[in-house]
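The sequence lines fix the lettering, A, B, ..., with proteins before strands; numbering per chain opens at 1.
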Number of protein chains: 2
Amino acid sequence: MSVTSHDVAQLAGVSQPTVSRALRDDPRVSKATRERVRKAADRLGYVPSDAGRALSSGRTRRIGLLLTDLENQFYPHIIAPAFHQLESHGYQLMLHTEVADNDVVAERLISNGLDGVLLATSTIDSVVPLRLRDRRLPFVYFNRTSDAVSADSAVVDPTQGMREAAEALSKHGHRRIAAILGPANTSTAVNREIALREALAQQGMSIPARYIHRGPFDTATGHAGTEHFLTMPQPPTAIVCGNDVVAFGALNAARSAGVGVPDDLSIIGFDDLPSASWPIIQLTTIAYDLDAMVRRAADLLIDRIQSPGRPLEESAFPSHLIERDTLGTVP
Amino acid sequence: MSVTSHDVAQLAGVSQPTVSRALRDDPRVSKATRERVRKAADRLGYVPSDAGRALSSGRTRRIGLLLTDLENQFYPHIIAPAFHQLESHGYQLMLHTEVADNDVVAERLISNGLDGVLLATSTIDSVVPLRLRDRRLPFVYFNRTSDAVSADSAVVDPTQGMREAAEALSKHGHRRIAAILGPANTSTAVNREIALREALAQQGMSIPARYIHRGPFDTATGHAGTEHFLTMPQPPTAIVCGNDVVAFGALNAARSAGVGVPDDLSIIGFDDLPSASWPIIQLTTIAYDLDAMVRRAADLLIDRIQSPGRPLEESAFPSHLIERDTLGTVP
DNA sequence: CTCGTTATTGCATACGTATGCCTATACTAG
DNA sequence: CTAGTATAGGCATACGTATGCAATAACGAG
């Protein structure tokens with residue numbers, strides 16, 4: 001049906017292995033033959049089969065990216081740089097998402113014959129890292145980590161950003177501060193909460209339990225949490241959100257409720273997504289170099305694939321506050 | 001290294017082909033053996049290799065999705081439903097993006113051994129459809145089409161939406177109407193322009209050349225176009241945008257310039273992305289059922305794979321205007 | 001008791017590429 | 001002139017699964 005390296009070999013008058021070598025610029029084939037093979041391949045429109053390659057070489061030059069869900073506005077900002085960074089190293093990206101059964105995910109990752117996996121999703125209790133380790137399938141934690149299995153990682157260090165946020169909140173006179181946090185079984189949610197509490201403590205403040213709302217990192221969570229806070233007899237004057245997407249939900253809830261931002265309510269995000277700096281949004285948020293973080297994760301993974309024995313590398317990216325229009329002074 | 005069907009066969013005391021059949025519920029293997037094989041497979045943690053399967057069966061159960069770029073805010077809304085619809089049919093999704101050389105893209109699609117391709121990107125002059133046709137690789141046009149090669153397609157019919165937009169604009173007293181359109185080599189941009197011009201003509205209006213701005217379907221285009229219009233001695237009172245992402249750019253430009261929307265300027269989008277209906281945005285836009293369109297495209301493709309001979313199916317999804325807060329009355 | 005059937009399983013092989021090893025040729029050094 | 005050494009290419013085979021066909025066993029009918 002389709003044209004194979006054997007067809008090319010026949011046309012060029014060489015053996016199939018020579019075709020394989022010629023087209024991959026193996027030094028063992030002479031310049032003349034290489035040219036002849038190339039010409040034949042072009043003429044037949046030969047395209048090597050990844051499946052054949054994978055089976056024979058044991059490598060696919062494909063890398064999996066595991067996300068919780070694709071709907072989330074945060075993920076495109078991971079997918080794009082990951083795709084390009086991997087592409088520049090000659091790797092292709094395969095998307096995967098969590099499904100109900102954790103083991104099914106692991107099976108898919110394995111059956112795909114991936115050379116490595118970027119885990120951008122792992123909850124603390126996921127079995128995926130275990131399964132991957134058992135298979136000796138290289139992987140890197142991105143954004144989140146899991147204590148169960150150690151691996152290279154690229155994450156944000158929220159301490160500096162949260163410290164600056166706490167200082168700014170204090171300086172603007174905020175005392176009643178709420179937080180809308182991510183799921184308790186994600187390292188990101190936990191780390192940000194810890195950093196936030198410590199930073200507030202240094203300012204002599206704290207968050208009471210009633211000012212805490214938890215949920216997935218999406219707009220619905222931000223919306224629901226903010227709505228809830230606004231019905232309180234003494235609503236908070238500021239809300240620190242688990243990430244920008246949550247903060248967008250908070251902004252929407254405030255607008256719907258007719259509550260002015262930042263006059264009546266201040267909102268702080270985390271991630272500094274491109275849309276956070278849009279003139280119509282101008283979200284005050286904690287920023288870090290997301291693109292660089294993605295690229296680092298990709299590089300770590302490729303490096304790990306090529307030298308499985310090298311020591312673990314855990315890189316944390318610093319964060320800082322970017323003040324825009326959603327943080328105001330308490331009257 | 002990894003466990004294969006041979007290992008399972010040995011443990012279960014059967015031949016390798018029997019393992020293959022047993023695990024795929026082939027009726028030719030007895031219930032007893034099937035159970036024995038399953039047990040052995042579980043015990044060894046056997047996971048079949050996609051590469052082996054692909055090579056042997058000629059099918060990969062993988063489908064490619066070709067996009068122009070991953071940065072664009074529009075694409076996540078395609079990727080997610082496509083991913084899930086394909087998954088529900090037992091197919092996996094592979095992302096691909098256009099790169100400088102058109103032929104390189106086609107080669108990748110081919111070498112991947114995909115069972116089919118969703119073309120969400122094809123410019124009118126792309127060679128990709130030609131290459132795919134030559135390889136007998138099934139594909140479906142999504143959103144855009146190309147005249148060079150006919151294939152199943154799922155697209156928006158903008159006529160009704162544009163008609164309603166023109167009526168609404170007219171009713172609100174707009175006479176100076178501008179448009180920020182997509183690239184001239186995309187069918188979407190062309191179709192929307194035609195529909196818009198016809199609809200305006202029915203209202204006795206038209207768009208002068210100086211009120212036309214063209215560029216990629218991104219926020220930068222919307223921003224630049226709007227900035228440009230606003231510097232004119234007689235700026236338009238309304239801008240119809242090629243899609244919502246462009247409209248977001250327009251909103252930003254207006255805000256930056258201190259121009260009120262909709263008091264000084266009305267803006268209309270196209271797509272009705274989830275964020276268009278956010279309280280803090282409230283974009284007036286032309287809507288259609290994007291999710292259904294994606295699912296249709298996926299279904300068409302799978303159907304085409306299974307019955308290559310069936311007649312062509314071109315489905316157009318109707319559109320309509322959704323009035324929100326960015327369309328106002330001219331003073 | 002024999003023959004035709006059906007139900008199960010195994011055998012052989014194909015899929016397309018990569019790679020270790022051997023061979024043949026040409027070339028260099030002594 | 002010979003032995004040693006690159007250099008270039010071919011041969012054989014492996015990778016893991018699926019599948020057409022043959023083989024065996026079990027079984028019932030006559």
Toward the 5' end of DNA chain D, by each residue's nearest nucleotide, T18(B) or V29(A):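 Taking each residue's closest nucleotide, the earlier one in sequence belongs to V29(A).
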Considering all heavy atoms, the nearest V190(B)-A184(B) contact: CG2-O, 3.5 Å
[N], OP1 or OP2 - any side-chain N/O from [X] closer than 4.0 Å?
| X | N | answer |
| --- | --- | --- |
| S30(B) | dT8(C) | no |
| S49(B) | dT17(D) | no |
| S20(B) | dT19(D) | no |

Once you apply a heavy-atom cut-off of 4.0 Å, does [X] come out as touching a base, just sugar-phosphate, or nothing?
| X | value |
| --- | --- |
| R53(B) | sugar-phosphate |
| R21(A) | base |
| V14(B) | sugar-phosphate |
| R34(A) | nothing |

Nearest whole angstrom, please: distance from the [atom2] of [N] to the [atom1] of [X].
| X | N | atom1 | atom2 | result |
| --- | --- | --- | --- | --- |
| R24(B) | dT17(D) | CZ | P | 11 Å |
| E35(A) | dA8(D) | CD | C1' | 16 Å |
| H6(B) | dA12(C) | NE2 | P | 12 Å |
| R36(A) | dA8(D) | CZ | P | 13 Å |
| L55(A) | dC15(D) | CG | C1' | 4 Å |
| K31(B) | dA7(C) | NZ | P | 17 Å |
| L23(A) | dT17(C) | CG | P | 10 Å |
| D26(B) | dT9(C) | CG | C1' | 11 Å |

Candidates dT17(D), dG10(D), dT19(D) - which lies nearest the side chain of S5(B): dT17(D)
Minimum-distance nucleotide to T33(B) side chain [options: dT19(D), dA12(D), dT8(C)]: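 Of dT19(D), dA12(D), dT8(C), dT8(C) is nearest to the side chain of T33(B).
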R131(B) with D103(B): basic N within carboxylate O range, under 4.0 Å: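 Counted as a salt bridge, because a side-chain N and a carboxylate O are separated by less than 4.0 Å.
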NZ/NE/NH1/NH2 to OD/OE distance under 4.0 Å, D152(A) and R310(A):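 A salt bridge links D152(A) with R310(A).
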T68(A) versus Y75(A), side-chain donor and acceptor atoms under 3.5 Å: yes
Upstream residue (5' side of DNA chain C) when S56(A) and R28(A) are each assigned their closest nucleotide: S56(A)
Derivation and outcome, side chain to side chain contact (heavy atoms under 4.5 Å, CB included), residues Q92(B) and R108(A): CA-CA 10 Å; Q92(B) 291 195 312; R108(A) 284 192 197 162; 3.8 Å; yes
